[in-house]
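All values below come from the heavy atoms of this structure, side chains included, with hydrogens, waters and symmetry mates left out. Atoms within each ligand, like the ligands themselves, are counted from 1 in listed order.
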Amino acid sequence: MGTPERDRAADELLARRGPLVDAAIGRIEAARRAPDGGGGREDLARRREDVGAHVDALAAALREAGAPQFSEYCAFTAVFLEGLGVPRSALGAALDALGESVGEQLAPALSAMAQEALSAGRRRLEASPIVTPVALATIPAEPPAHGDGAQTHARDKAAEAADAIARAAPRVAPMSVALSYMRRPGDALAHGARRGRCLEDARHHLDQLAAAVELQTPALFGEYADWVQSLLTSFGLDPAELVSHLGALGDAIAIALPDHLAEAPRRYLAAAIDRLTAGHVAIPSFVQPEAPLGVLACDYLDALLQGDRGRALRLVRKSVEAGTPVKDIYAHVFQPCQYEIGRLWQTRQISIAEEHYCTAITQTSLSQLYPLVFNADRAGRRLVATSVDGNLHEIGARFVADFFEMAGWDTFYLGASTPAQDVIDEVARRRADVLAVSATLGEHLRSVHALVAAARDDGRCRNVVVLVGGQPFRVVRDLWRQLGADGSAPTAEGAVRVAQDLLAARGA
Ligand code: B12
């Protein structure tokens with residue numbers, strides 16, 4: 001935090017912002033005219049803006065964390081400028097010019113405080129690499145576009161924009177982190193060794209953004225941003241950080257992509273920022289006593305959280321013995337409890353270990369009901385159910401398989417993350433009527449798309465009904481159409497109905 005003296009120095013800097021910028025620009029110009037001044041023909045107004053931004057950052061640093069904060073500002077500004085092709089030396093020259101102008105215009109005591117921060121920034125620029133521990137120091141040049149031009153023209157605009165985001169990601173991700181840290185150097189200081197996470201997050205944001213743009217579904221990215229915000233704030237981070245970072249992503253995209261490709265991702269980012277700034281809405285518990293079987297769900301959840309596996313299993317067994325249909329236990333106990341476990345993890349009320357433990361108990365509870373799941377009259381139909389390649393969540397697909405089994409189908413449940421070709425071979429080998437594919441995260445959708453396309457291309461699967469489902473399809477109800485599937489349903493019970501209707505409509 002600043003001191004009254006540093007606050008005065010900051011006030012003075014801002015009060016003299018115009019004259020300081022003029023004097024610094026004058027010095028930079030004079031140096032450039034000197035025989036060894038070098039430099040190209042940059043736009044003067046742009047450079048005035050840059051020096052003005054350095055003055056603002058210097059004043060903010062004096063009020064807040066002082067020289068270390070200004071040093072972070074310089075580091076990330078240099079990274080960002082280097083990404084634009086402006087050498088680090090140009091920033092160094094601007095800081096020198098600013099330092100001399102400050103020395104000239106501010107009272108010695110105030111100037112000394114500003115000089116200390118400026119020197120810290122200057123020293124930081126001489127360090128190489130300047131931004132550690134994250135490898136933000138070099139922003140690679142954009143790789144050349146692949147594919148031939150004619151093909152690119154033929155592709156639809158959304159896919160082209162998504163592809164451009166993916167190709168530009170290695171450049172855009174570090175650039176956006178640098179830009180965000182440059183705007184909020186206090187975050188860089190506070191993150192310390194955790195900065196690498198910020199770069200990782202930027203890559204995830206870009207993956208999710210590309211998926212949403214490709215599917216032309218802003219809500220997918222909006223939902224994701226809400227989720228990230230809730231997770232980050234549960235770690236005690238300032239909600240304004242993500243807003244700043246998404247804004248910086250939009251700006252980096254505007255720099256890295258041509259206007260016609262940058263338009264959609266920037267619009268999606270702006271919509272997500274609007275959602276985030278509209279106010280924080282707490283997610284209510286998924287387990288409510290007044291819901292159907294709500295009291296049982298509350299007791300079951302309590303047993304999970306208390307680590308009482310025996311009680312959890314007994315509660316389910318006794319309820320079924322008392323006549324509760326197995327399907328209702330799935331829909332009103334297991335599913336809401338799993339969602340609640342997720343919410344508790346997301347809000348840091350339980351650890352990853354507790355989530356794994358609770359999920360394992362629910363897997364055991366499901367298994368103890370199998371004598372009842374596998375005793376329906378046979379319907380003469382066959383289902384293959386799987387989680388798509390990359391999806392480690394297997395319970396959704398398992399629910400779907402079990403509901404079909406309870407409807408008398410022969411089911412082949414493949415579990416988590418199955419490679420596309422293996423799924424297709426299994427569908428053919430089992431002569432399945434229906435393939436059910438489960439996705440959980442936005443980033444799984446490309447694999448769903450690829451699997452559906454592979455099924456369509458394989459003559460052995462010509463008559464197979466392809467259903468897709470899972471979280472993203474619960475958020476955007478007609479998403480399945482864009483992925484080329486035959487249908488979807490928000491629940492496992494709904495999936496059986498949709499499959500039966502589709503097969504009946506085909507006269508199969
Ligand atoms: C258990 C769990 C895990 C376990 C899964 C273990 C296992 N054996 O399955 C593990 C630890 C592996 C895991 C990992 C991760 N997880 Co997780 N996980 C969960 C959790 C708590 C429960 C999932 C579950 O069992 N759901 C119960 C089933 C029954 O629900 P369901 O899948 O929605 O299925 C129903 C419908 O969607 C539909 N349906 C499903 N599939 C299909 C298919 C068809 C064809 C049809 C028609 C219908 C249909 O019917 C089903 C039954 O009604 C959820 C919380 C949640 N809200 O789901 C988080 C959750 C899904 N995970 C989450 C995250 C972030 C992750 C990780 C990225 C964490 C990390 N940093 O590593 C990884 C990603 C792994 C990956 N690559 O896939 C987030 C996703 C947030 C988001 N919006 O992006 C959630 C929502 C947690 C949270 N609240 O933050 N996870």
S.K.: Among protein heavy atoms, which sits nearest to atom 32 (O) of ligand 1, and what does the distance come to when rounded to 0.1 Å?
M.R.: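 Of the protein heavy atoms, Gly396 CA, 3.6 Å lies nearest.
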S.K.: Can a salt bridge be assigned to the pair Arg430 and Asp410 using a cut-off of 4.0 Å between side-chain N and carboxylate O?
M.R.: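 Salt bridge absent between Arg430 and Asp410.
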S.K.: Please determine whether any non-hydrogen atom of Gln363 lies less than 4.0 Å from an atom of ligand 1.
M.R.: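 Gln363 counts as a contact of ligand 1 under the 4.0 Å cut-off.
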S.K.: What residue and heavy atom of the protein are closest to atom 77 (N) of ligand 1, and at what distance?
M.R.: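 Going atom by atom, the protein heavy atom closest to atom 77 (N) of ligand 1 ends up being Gly390 O, 2.9 Å.
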S.K.: Assess His444 for proximity to ligand 1: is some non-hydrogen atom of it under 4.0 Å away?
M.R.: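 Contact check His444 vs ligand 1: positive.
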S.K.: What part of Ala385, side chain from CB on, backbone N/CA/C/O, both or neither, has a heavy atom under 4.0 Å from ligand 1?
M.R.: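 Ala385 to ligand 1: no contact under 4.0 Å from either part.
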S.K.: Can any side-chain N or O of Arg266 pair as donor or acceptor with the backbone N or O of Ala254 at less than 3.5 Å?
M.R.: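 Here the side-chain-to-backbone pair does not exist.
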S.K.: Have Ser234 and Thr347 got a donor and an acceptor in their side chains that come within less than 3.5 Å?
M.R.: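 Judged by distance alone, the side chains do not pair up.
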S.K.: Please check if a non-hydrogen protein atom sits closer than 4.0 Å to atom 80 (C) of ligand 1.
M.R.: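 Yes, because at least one protein heavy atom sits under 4.0 Å from atom 80 (C) of ligand 1.
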S.K.: What part of Glu355 sits under 4.0 Å from ligand 1 if we count only heavy atoms: the side chain, the backbone, both or neither?
M.R.: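 Side chain only.
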S.K.: Among protein heavy atoms, which lies nearest atom 59 (C) of ligand 1, and at what distance?
M.R.: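 Nearest neighbour among protein heavy atoms for atom 59 (C) of ligand 1, to 0.1 Å: His393 NE2, 4.0 Å.
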S.K.: Establish, from distance only, whether the side-chain atoms of Glu200 and His205 form a donor-acceptor pair under 3.5 Å.
M.R.: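 No, no side-chain donor-acceptor contact under 3.5 Å.
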S.K.: Give a yes/no on ligand 1: does Ala331 have at least one heavy atom closer than 4.0 angstrom to it?
M.R.: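 The answer is no, since Ala331 has no heavy atom less than 4.0 Å from ligand 1.
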S.K.: Look at Arg382 together with Asp433 and state whether they make a salt bridge at an N to O cut-off of under 4.0 Å.
M.R.: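 Asp433 and Arg382: not salt-bridged.
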S.K.: Taking N or O atoms only and a 3.5 Å limit, does Leu392 qualify as a polar contact for ligand 1?
M.R.: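 So ligand 1 has an N or O lying under 3.5 Å from an N or O of Leu392.
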S.K.: Is Arg506 salt-bridged to Asp486, going by a charged N under 4.0 Å from an acidic O?
M.R.: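 Answer for the salt bridge query: yes.
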S.K.: Contact between His356 and ligand 1, counting heavy atoms under 4.0 Å?
M.R.: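 His356: in contact with ligand 1 (<4.0 Å).
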S.K.: Between Leu441 and ligand 1, which residue portion shows a heavy-atom distance shorter than 4.0 Å: side chain, backbone, both, or neither?
M.R.: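 Answer for Leu441: side chain.
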S.K.: Does a side chain donor of either Asp389 or Ser447 reach within less than 3.5 Å of an acceptor in the other side chain?
M.R.: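 No - no donor-acceptor pair under 3.5 Å links their side chains.
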S.K.: Which bit of Asn391 is near ligand 1, meaning a heavy atom under 4.0 Å away: side chain, backbone, both or neither?
M.R.: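 Both parts.
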S.K.: Looking only at protein heavy atoms, which one is nearest to atom 52 (C) of ligand 1, and how far off is it?
M.R.: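 Answer, as residue, atom name and distance: Gln335 OE1, 3.1 Å.
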S.K.: Side chain, backbone, both or neither: which applies to Val437 and ligand 1 if a contact is any heavy-atom pair less than 4.0 Å apart?
M.R.: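 The answer is the backbone.
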S.K.: With a 4.0 Å heavy-atom cut-off (strictly under), which part of Val498 contacts ligand 1: side chain, backbone, both or neither?
M.R.: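 Looking at Val498 and ligand 1, no heavy atom falls under 4.0 Å.
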S.K.: Give a yes or no on whether atom 56 (C) of ligand 1 lies under 4.0 Å from any heavy atom of the protein.
M.R.: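 There is a protein heavy atom less than 4.0 Å from atom 56 (C) of ligand 1.
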S.K.: For Ser488, is at least one N or O under 3.5 Å away from an N or O on ligand 1?
M.R.: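 For ligand 1, there is no N or O atom that lies under 3.5 Å from one belonging to Ser488.
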S.K.: With atom 33 (O) of ligand 1 as the reference point, say which of Tyr339, Phe286, Tyr330, Trp345 has the nearest heavy atom.
M.R.: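 Checking each option, the heavy atom nearest atom 33 (O) of ligand 1 is found in Tyr339.
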